[in-house]
Amino acid sequence: MCPCVAEELGYHSGSHSRSVLGLLALSSLLYVIAAAAQSTFPIEHAIVANSGGSLTTLVGLAAAITITGTAVYGARMAGKRRLRDVQARSDTLQRALVELATRALTPSRVEHVGSATCHAVSKNLGGAMSAVIVTHSRPSHIVASCGLPAHLNERSLCEALTADRRFTPNTHAVEILLDEREYIAFEGDIRTPRSRLGSLWVIVEAPGSLTSTERNFVRSAANILGAAIDRADTEAALKQSESRYARLVHDMPDGLLTIDGTGVIQTFNPSAEDITGLVAAKVIGKPFFALGLIGDTELTPAAEIFQQIIATGRTNLVNHKLRRADGSYRVVRAKLHVISSSDGQANINVTLRDVTEAVNAEAARELLQRQLAEANRLESLGRLAGGVAHDFNNVLAAITLTCTALETAEHLSEQSLADIRNIRIAAERGAALTNQLTRYAKRQQPALTPISLRGAPRELVGLLRRTVGPEIELELDLLAERDLVLIDRSQLDQVILNLVVNARDALPGGGCIRISTSPAIRDKELWVELSVSDNGIGMDEATRDRIFDPFFTTKEDSGGTGLGLATVHDVVDQNGGHIQVESTPHVGTTVRVLFPISPRSGPDHGGM
């Protein structure tokens, strides 16, 4: 039997049973004695005759005892019926609590859960008025109710029920006055593990009251309501946290993807789409290593790193070259760390950061540092060459003056005069080259003049033929069109001479060098092109990519300095031109130099 039910009955079954049995036994004994007194034996007749009053008294006592026993038995049976009723009432309230707890498991707002609780309380307590009042906010307010009069002032009810007073232990009840009628209000605390939210009040008309079972029902309903509210708050906080995390993952600039222990992609955020060029809807659920993001030669090492991280659980940070969906490559910094899924399996979170620009900037910085070092070396070399050129220019000046004086002599033959004239011209060209070195050493601007691009090779043809030797044929294909370019004459001669020398070195067994000029169209504008071609040994791609690097040479055994083509590139770039190289091994090489046409160029300019 439920303790609260026994308490309500004030019933002790063992003592009541023993009392009833004792009375019935005593009554039976008295009836036996009275019957024996009325027997036919003579002696007993005499006894009966002398004690007639005693028998009458004995029979009356037996009847009284019988009546008393019957009454006690009836009371006992009534108590049993009452016990069954109270037990049935307790079972009904227990079922109501189970239904309320089941309904409270459904996520809902505080108002909805409170309303369901009020209706359950009112239904199971004979239509009693009920209200859920929240007291953790100020002022207190009713969030749900059942059975309250529509005209009832909410503020006055809250003040009456939530006033600071001391409640009687175990009853938690106060007397209140509503519509000039007296009521008894019973309170059940609504609590969560973190705080007290308010109260569930059940209001019954005075002098009515609630039994202990019903008061326990109110408290249990309040506890269920508190648990439901706490669950709803926890789920709301969880949803809010998940929403914040999802937004954070969606908006983060780094790519984020989750890979399970078998290598299958579980998540793929928009930044990962931007970095890889893939679409999340098409890659989620597919093996990561089958997407083609990693080159074939790197698949095995990458898979080994993946399994090692799964096994050890340690974080790994690597820079990796990633192949995008469009075939281009990006350098990414990948951070891999192990996380546990809801089923306890180990997954890997991979964070991708595109560092291509940073890597390129670092490579450019290193290149600039190397170029600065080379520039410092060239500057030192230029100063040295400038000093030597100054002294050498004095020697050439003496040769030029001597040749000029000899040309006025009358006793020399025509052949001698021609040789002296060639010596003077060569000395003057040497002086022009030394002047260029001097200007470079002193950071002076070149002397720019309009020069015919087809006229320069013609004037250098004699020097060029002696330079290449008899085993190599020198061809000129110079078009007589608009060909004036604005350039320093000594620089142009240096370009032509260096290109011819480079072509000669590519013809160790002899061959042909062809110098040509022609118009060219670039960016919808007219340029003039100077090309030097040979049918020599040619170059592979690796060599072609480095031929303009200072001090790079393939002729170390023959004393090459690696400065000839570097000087050509510098001169062309300084004069706003472009240079292109076409070469095929064992077929030959063509170097094309494009210069912008001088504004003063016209169809009638035919020479220097």
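Just so you know, residue 1 is the first one in the sequence shown, and it goes up from there. The model shown is predicted, which means the values in this text are computed figures rather than measured ones.
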So does [X] pair up with [Y], basic N to acidic O under 4.0 Å?
X      : Y      : answer
Arg330 : Glu357 : yes
Glu362 : Arg365 : yes
Arg592 : Glu582 : yes
Glu235 : Arg231 : yes
Asp493 : Arg489 : yes
Glu459 : Arg454 : no

Shortest non-hydrogen contact between [X] and [Y], atoms and distance:
X      : Y      : result
Asn535 : Cys512 : OD1-N, 3.1 Å
Phe595 : Trp527 : C-CE3, 3.3 Å
Pro508 : Asp505 : CD-O, 4.1 Å
Asn502 : Leu565 : OD1-CD1, 3.7 Å
His578 : Val572 : N-CG1, 3.5 Å
Asp354 : Ile275 : N-CD1, 4.2 Å

Within the structure provided, determine whether [X] and [Y] are in side-chain contact (heavy-atom separation under 4.5 Å).
X      : Y      : value
Leu478 : Leu453 : no
Leu484 : Ile597 : no
Thr449 : Leu486 : no
Asn349 : Leu257 : no
Pro519 : Glu529 : no
Ile579 : Val591 : yes
Thr402 : Leu406 : yes
Asp230 : Thr234 : yes

(request) Check step by step if side-chain hydrogen bond (donor to acceptor under 3.5 Å, both in side chains) holds for Asp540 and Thr543. (result) CA-CA 6 Å; Asp540 57 22; Thr543 303; 2.7 Å; yes

Got a second to check how far [X]'s [atom1] is from [Y]'s [atom2], nearest 0.5 Å?
X      : Y      : atom1 : atom2 : answer
Arg247 : Arg244 : CZ    : CZ    : 13.5 Å
Asn575 : Asp488 : CG    : CG    : 8.0 Å
Thr356 : Arg333 : OG1   : CZ    : 11.0 Å
Asn269 : His250 : CG    : NE2   : 8.5 Å
Arg421 : Glu407 : CZ    : CD    : 5.5 Å
Ile513 : Leu499 : CD1   : CG    : 10.5 Å

(request) Could you please spell out the steps behind the side-chain hydrogen bond (donor to acceptor under 3.5 Å, both in side chains) verdict for Asp254 and Thr351? (result) CA-CA 6 Å; Asp254 294 340; Thr351 304; over 6 Å; no

(message) I'd like to know if the side chain of Ser531 pairs up with that of Thr590 as donor and acceptor (distance under 3.5 Å, no hydrogens or angles considered).
(response) no

(request) For the residue pair Asn347 and Gln266, confirm or rule out a side-chain donor-acceptor distance under 3.5 Å. (result)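 Result is no, nothing qualifies.
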
Test item: [X] side-chain N/O and [Y] main-chain N/O as donor-acceptor pair under 3.5 Å:
X      : Y      : value
Lys286 : Lys282 : yes
Ser241 : Ala237 : no
Asp326 : Ser328 : yes

(request) For the pair Leu412 and Ile420, evaluate side chain to side chain contact (heavy atoms under 4.5 Å, CB included) and give the outcome as yes or no after the intermediate values. (result) CA-CA 10 Å; Leu412 296 177; Ile420 292 172; 3.5 Å; yes

(request) Using the side chain to side chain contact (heavy atoms under 4.5 Å, CB included) rule, take Thr467 and Leu497 through it: C-alpha gap first, then chi angles, then the decisive distance, then the call. (result) CA-CA 9 Å; Thr467 300; Leu497 184 60; 4.3 Å; yes

(request) Check the surroundings of atom CZ in Arg324: do more than 12 heavy atoms from other residues, nucleotides or ligands lie under 6.0 Å from it? (result) yes

(request) Would you indicate whether Glu541, at its atom CD, is surrounded by more than 12 heavy atoms from other residues, nucleotides or ligands within a distance under 6.0 Å? (result) no

(request) Evaluate side chain to side chain contact (heavy atoms under 4.5 Å, CB included) for Thr404 paired with Arg424, printing each intermediate quantity in order. (result) CA-CA 7 Å; Thr404 302; Arg424 178 180 58 77; 3.6 Å; yes

(request) Go through the steps to decide whether Glu473 and Glu475 satisfy the test side chain to side chain contact (heavy atoms under 4.5 Å, CB included), and finish with yes or no. (result) CA-CA 7 Å; Glu473 181 181 359; Glu475 296 181 357; 3.3 Å; yes

